[in-house]
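To keep things clear, I will list the structure first and then write my remarks on it.
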Number of protein chains: 2
Amino acid sequence: MKLSTRGKYGLYAMIFLAQHHGEGPQSLKAIAEVGTPESYLEQLLGSLRRADLVKTVRGAQGGYQLSRPPEDITARDILEAMEGPFSLSDCVGEGDSPCARKENCPARSVWEFLTDKFNGLLDSITLADMIHQNLNQTT
Amino acid sequence: MKLSTRGKYGLYAMIFLAQHHGEGPQSLKAIAEVGTPESYLEQLLGSLRRADLVKTVRGAQGGYQLSRPPEDITARDILEAMEGPFSLSDCVGEGDSPCARKENCPARSVWEFLTDKFNGLLDSITLADMIHQNLNQTT
DNA sequence: CGGAAACCCGACAAAATCGGTCGGGATTCA
DNA sequence: TGAATCCCGACCGATTTTGTCGGGTTTCCG
């Protein structure tokens with residue numbers, strides 16, 4: 001029950017970009033310094049771009065930068081972009097749940113409850129919070 | 001970012017056992033009625049037994065039953081038994097995090113924050129809550 | 001006592017996912 | 001024009017997931 005390296009590397013990258021926000025585009029190479037295989041990271045940044053979290057400038061002197069200020073990007077934005085929507089069981093969320101006992105399934109409400117709460121948690125953390133180290137311990 | 005079928009099936013099984021708590025041992029076959037491949041479920045129940053969540057009675061008329069009342073078993077107990085401890089990144093939790101930047105890593109505190117909160121959430125739900133459909137929506 | 005009804009356990013395996021690598025293309029700056 | 005970049009898709013080995021299977025053990029019941 002853990003998330004993959006995509007989420008981890010993606011968050012690293014976004015934190016790096018937040019720390020250098022406003023300093024112009026950051027090259028892949030620079031971002032990878034944080035400790036991510038460069039060619040892999042490239043793919044991940046592709047996902048972040050398609051999720052509209054980063055903008056890119058192509059060509060020499062190009063690179064990546066946040067497409068919104070750090071206060072407007074949440075942990076959920078990032079993690080969902082990297083790992084797909086967080087849903088504990090396939091019987092909740094998108095798509096017609098293949099679960100026959102749709103209503104009246106005690107497990108189902110557990111999944112719903114948990115996904116809800118967890119998403120709320122993720123929504124409550126912004127990139128700005130992260131780089132300023134102020135995670136509200138009492139939420 | 002979802003959990004595996006182990007967690008799902010495991011929870012189904014435990015809910016079933018909770019619903020029949022006090023009625024004597026329930027056979028594998030009966031539990032599998034909930035919709036789980038029988039031979040797979042057998043393995044999963046093994047994990048639950050080793051985690052001390054269910055007791056078994058061997059031999060004819062044997063079966064599985066909760067080893068504690070439903071109020072004393074939490075979602076976390078079950079999910080951890082099935083999927084191992086919940087930790088978002090390998091750099092938090094047991095073992096010497098292979099993450100060099102141990103302290104002073106903004107990502108790390110995010111993982112810690114989230115794992116903490118989520119574990120708390122899981123702890124707050126008991127089997128009894130599940131079968132009585134009273135998940136506290138305002139926690 | 002002798003089945004039959006259960007649980008127990010380890011080996012095996014197909015399929016999916018993960019964690020990348022690689023090569024070639026397209027853009028842009030100097 | 002050439003170097004610095006990003007872009008994209010194909011590929012690949014390792015691991016994990018999701019089971020199946022076969023045989024063993026324990027216990028009840030007639």
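Letters A, B, ... are given to chains in the order of the sequence lines, protein chains preceding strands, and every chain is numbered from 1.
Inter-residue side-chain proximity for A:L135 and A:I125 is flagged as met; some heavy-atom pair is nearer than 4.5 Å. Inter-residue side-chain proximity for A:M130 and A:L11 is flagged as met; some heavy-atom pair is nearer than 4.5 Å. Side-chain contact check for A:L88 versus B:K8: every heavy-atom pair is 4.5 Å or farther apart. Residues A:E112 and A:D116 fail the side-chain proximity criterion, which asks for heavy atoms closer than 4.5 Å. The shortest side-chain heavy-atom distance between B:L127 and B:I78 falls under the 4.5 Å cut-off.
Between A:Q26 atom CD and D:dA4 atom C1' the separation is 15 Å, expressed in whole Å. Rounded to whole Å, the distance from CG on A:L41 to C1' on D:dC6 is 12 Å. Between the CD atom of A:Q65 and the P atom of D:dT5 there is a distance of 14 Å, rounded to whole Å. If you measure from atom CZ of B:R49 to atom C1' of D:dT26, you get 13 Å, rounded to the nearest angstrom. Taking atom CG of B:L45 as the reference point, atom P of C:dC9 lies 12 Å away to the nearest angstrom.
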Q.
Base contacts versus sugar-phosphate-only contacts with protein, heavy atoms under 4.0 Å: please encode nucleotides 10-20 of chain C as B, S and - from 5' to 3'.
A. ---------BB
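Scored by the side-chain contact (heavy atoms from CB on, under 4.5 Å) test, B:A60 finds no partners at all (sequence neighbours excluded).
In this structure, CE in B:M14 is found 5.5 Å from CG in B:L48, a value given to the nearest 0.5 Å.
Contact annotation: A:R50 does not reach the phosphate of D:dC6 (side-chain N/O to OP1 or OP2, under 4.0 Å).
Within 4.0 Å of A:E38, counting heavy atoms only, lies no atom of the nucleic acid at all. Contacts of B:G46 with the nucleic acid, taken as non-hydrogen atoms under 4.0 Å apart, are absent. At the heavy-atom level, A:L28 lies under 4.0 Å from the strands shown only through sugar-phosphate atoms.
In the hydrophobic clustering of ILVMFWY residues, with side-chain heavy atoms under 4.5 Å counting as a link, A:V57 and A:L41 come out apart.
Looking at A:E42, its side chain comes within 3.5 Å of the base of D:dC7 through a donor and an acceptor atom.
Against DNA chain D, the stretch residues 54-62 of chain B makes heavy-atom approaches under 4.0 Å through B:R58, B:G59, B:A60, B:Q61.
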Q) For B:D72 and B:T126, what are the C-alpha separation, side-chain angles and deciding distance, and is it a side-chain contact (heavy atoms from CB on, under 4.5 Å)? A) CA-CA 7 Å; B:D72 296 348; B:T126 72; over 6 Å; no
